[in-house]
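A short worksheet on the structure shown next.
Whatever order the structure lists them in is the order used to number ligands and atoms, beginning at 1. Because the structure is predicted, anything quoted here is derived from the model rather than measured.
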Amino acid sequence: MAAGLFRTEMSMLSSTLARTYSIPFRKTLISFDSRIAMQTNSLPRTRHSRVASLSSSSPSHSRNFPVPGVEDVFVGYLFGRKKATEVAHVVWEQVIQKGDMVIDATCGNGNDTLAMLKMVTDDSDYFGGCVYAMDVQKDAIESTSSLLNQTLGSKESFSIYAEGMQKERVKLFNMCHSKMEEIVPENSSVRMVAFNLGYLPGGNKSIITVSNTTVLALRAAERILMPGGLISLVVYIGHPGGREELEVVEAFGSSLPVSDWVCCKLQMLNRPLAPVLVFMFKREK
Ligand SMILES: C[S@@+](CC[C@H](N)C(=O)[O-])C[C@H]1O[C@@H](n2cnc3c(N)ncnc32)[C@H](O)[C@@H]1O
C-alpha cells in the first residue's frame with residue numbers, strides 16, 4: 001500500500017517536473033539539482049566518478065543514471081521521508097571512488113566515517129582507500145572507534161587499533177578540523193571533506209562546532225581538495241550559534257569562483273530548524 005502510494009507520488013512528481021521543464025524523467029532530478037545549484041551550470045565532468053554520467057549527453061552514459069537508490073532518496077527527502085544525512089550519503093556516492101582518500105571532519109559517533117569507509121574500500125582491499133576522521137572530543141573518537149570495531153572487527157583488512165594510532169583504512173585524530181592539513185600527507189589527493197556540524201548526539205551539547213574554526217576548516221578543505229572533489233556539509237541550526245554558522249558556510253560557498261566550483265544548498269522552507277545541506281563541488285580541470 002505504502003509502496004504503491006510512493007510509486008504514484010514519484011510518478012506524479014516525475015510528470016509534473018517533466019512537463020514543467022520539458023525533460024525526460026530520467027533526467028528530472030539532475031535538472032532539479034543543477035537549478036538549485038547555480039541556475040546556469042550543468043554538473044561538471046568527472047572522469048572516474050559517477051558524476052561524469054550526469055553531465056554526459058551520450059546515451060551510453062545516460063544509461064548509467066540514475067544510480068540505484070538516488071531517486072528514492074532525493075524524492076523521499078522531497079516528501080519528508082528521508083533525512084538530510086541520507087541525501088548527503090547518496091551525493092557522496094556520486095563522487096567517491098574505491099581507493100579514494102576522504103576526510104570526516106566531525107566524526108562524532110562514527111556513522112559518517114563508516115559510510116565513507118564502505119565507499120572508499122572494497123572487500124578484497126584491492127583498491128586501498130582511506131578515511132581520515134577527526135573530532136575535538138575524545139569521547140567521539142572512542143565512539144567512532146567502537147562503532148568501527150563492532151561493525152568491521154571481524155574483517156582483518158579493517159583492523160582497528162587504539163585512538164591516535166594508525167588504522168589500516170581509518171585514521172582517527174583527536175583534534176580540531178581547522179588543522180586538517182597537518183595530518184594529510186603532502187601532495188595527496190583528497191576526494192571529499194565532509195562536515196556534520198553541531199554537537200555530538202547523546203553527548204555534551206556544550207561542545208559544538210563554531211563559526212571561526214568551521215571557516216578555517218573550510219579554507220583548509222578548499223586547499224587540499226582535488227579537482228572532481230566535494231566539500232559536503234550538514235548544518236544544524238536549532239542550537240545557539242547554528243544560524244550564524246550557516247551564514248558563514250553560505251558566505252564561504254558563495255565566494256568560490258563559479259569557473260571552478262558548483263555550490264548549492266538544500267533547505268526545508270516550512271521546517272525552520274531542519275538541518276541544511278550544503279555541497280561545494282570542485283570542477284575537474
Ligand atoms: C553532529 S556531530 C557529528 C556526527 C557524526 N558525523 C556521526 O556520524 O555520528 C558534530 C561533532 O563535531 C565535533 N566537533 C565540534 N567542534 C569540532 C572541531 N573544531 N573540530 C572537529 N570536530 C569538532 C563534536 O565534538 C561532535 O562530535
Side-chain angles (χ1 to χ4, degrees), residues 73 82-93 96 102-120 130-152 158 160 163-164 167 169-184 190-225 230-246 248-249 252 273-279:
V73 174
K82 292 285 181 190
K83 294 188 293 186
T85 47
E86 293 175 273
V87 174
H89 289 191
V90 293
V91 171
W92 300 354
E93 280 176 347
I96 293 177
V102 298
I103 295 179
D104 185 348
T106 50
C107 65
N109 289 323
N111 302 299
D112 292 329
T113 305
L114 182 60
M116 287 176 213
L117 185 63
K118 289 177 178 168
M119 291 178 206
V120 299
C130 76
V131 183
Y132 286 78
M134 62 198 70
D135 202 292
V136 279
Q137 282 192 72
K138 200 164 182 291
D139 284 356
I141 297 296
E142 280 163 9
S143 181
T144 296
S145 192
S146 148
L147 178 72
L148 294 171
N149 276 327
Q150 276 168 25
T151 316
L152 311 162
F158 293 116
I160 306 296
E163 178 225 327
K167 298 180 179 208
R169 296 290 164 218
V170 179
K171 300 177 194 340
L172 293 177
F173 299 92
N174 185 189
M175 58 176 270
C176 175
H177 43 218
S178 61
K179 300 191 186 313
M180 66 176 77
E181 284 164 297
E182 293 175 12
I183 48 104
V184 175
V190 177
R191 177 74 76 180
M192 184 179 80
V193 182
F195 298 81
N196 192 323
L197 300 175
Y199 53 80
L200 181 66
N204 184 343
K205 292 190 178 171
S206 68
I207 305 177
I208 53 170
T209 55
V210 290
S211 301
N212 61 341
T213 43
T214 300
V215 76
L216 289 175
L218 284 170
R219 287 190 197 128
E222 180 194 357
R223 286 190 289 269
I224 60 177
L225 202 73
L230 177 75
I231 300 175
S232 164
L233 298 109
V234 180
V235 190
Y236 295 87
I237 50 181
H239 59 272
R243 251 174 223 291
E244 183 208 350
E245 195 174 26
L246 175 63
V248 165
V249 168
F252 177 84
L273 301 185
V276 179
L277 282 156
V278 178
F279 299 109

Shortest protein heavy-atom distance from [atom], along with the residue and atom involved:
atom	answer
atom 11 (C) of ligand 1	Asp135 OD2, 3.5 Å
atom 8 (O) of ligand 1	Asp112 N, 3.0 Å
atom 15 (C) of ligand 1	Thr209 CG2, 3.4 Å
atom 10 (C) of ligand 1	Asn196 O, 3.2 Å
atom 3 (C) of ligand 1	Thr106 O, 3.3 Å
atom 1 (C) of ligand 1	Tyr199 O, 3.2 Å
atom 9 (O) of ligand 1	Asn109 N, 2.9 Å
atom 23 (C) of ligand 1	Val136 CG2, 3.4 Å

[X] heavy atoms, cut-off 4.0 Å: which ligand 1 atoms fall inside?
X	answer
Ile208	15 (C), 16 (N)
Leu197	1 (C)
Met175	20 (N), 21 (C)
Asn111	7 (C), 8 (O), 9 (O)

* To do: Going by heavy-atom distance to atom 19 (N) of ligand 1, choose the closest among Gly110, Ala88, Gly202, Cys176.
  => Cys176

State the [atom1]-[atom2] distance between [X] and [Y], to the nearest 0.5 angstrom.
X	Y	atom1	atom2	answer
Cys176	Glu182	SG	CD	9.5 Å
Met192	Trp92	CE	CH2	4.5 Å
Lys83	Leu277	NZ	CG	12.0 Å

* Asked: Does ligand 1 have an atom that lies less than 4.0 angstrom from a heavy atom of Ala105?
  -> yes

* For ligand 1, is there an atom lying under 4.0 Å from some heavy atom of Thr144? -> no

* Any N or O of His177 closer than 3.5 Å to N or O of ligand 1 ->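 Yes.
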
* Asked: For ligand 1, is there an N or O atom under 3.5 Å from any N or O atom of Tyr236?
  ->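 There is no such contact.
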
* To do: Look at the rings of His239 and Tyr199 and say which category their plane angle falls in: under 30° parallel, 30 to 60° tilted, over 60° perpendicular.
  => perpendicular

Contact check, side chains of [X] and [Y], non-hydrogen atoms, under 4.5 Å:
X	Y	value
Val249	Leu197	yes
Lys171	Ile183	no
Arg243	Leu273	yes

* Using the side chain to side chain contact (heavy atoms under 4.5 Å, CB included) rule, pick out the option among Ile103, Leu172, Thr106 that qualifies with Met134. => Ile103

Which atom of [X] lies closest to which atom of [Y], heavy atoms considered:
X	Y	answer
Asn109	Pro201	ND2-O, 3.2 Å
His89	Met119	O-CE, 3.5 Å
Arg191	Leu225	O-CD1, 3.7 Å

* Region of Thr113 that comes within reach of ligand 1 [heavy atoms, distance under 4.0 Å] ->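 Thr113 to ligand 1: no contact under 4.0 Å from either part.
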
* Asked: Of the backbone atoms (N, CA, C, O) and the side-chain heavy atoms from C-beta on, which set of Cys107 has a member under 4.0 Å from an atom of ligand 1: side chain, backbone, both, or neither?
  -> backbone

* For the side chain of Asp135 and the backbone of Asn174, is there at least one donor-acceptor N/O pair under 3.5 Å apart? ->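 No, the answer is negative, given that no donor and acceptor are paired below the 3.5 Å cut-off.
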
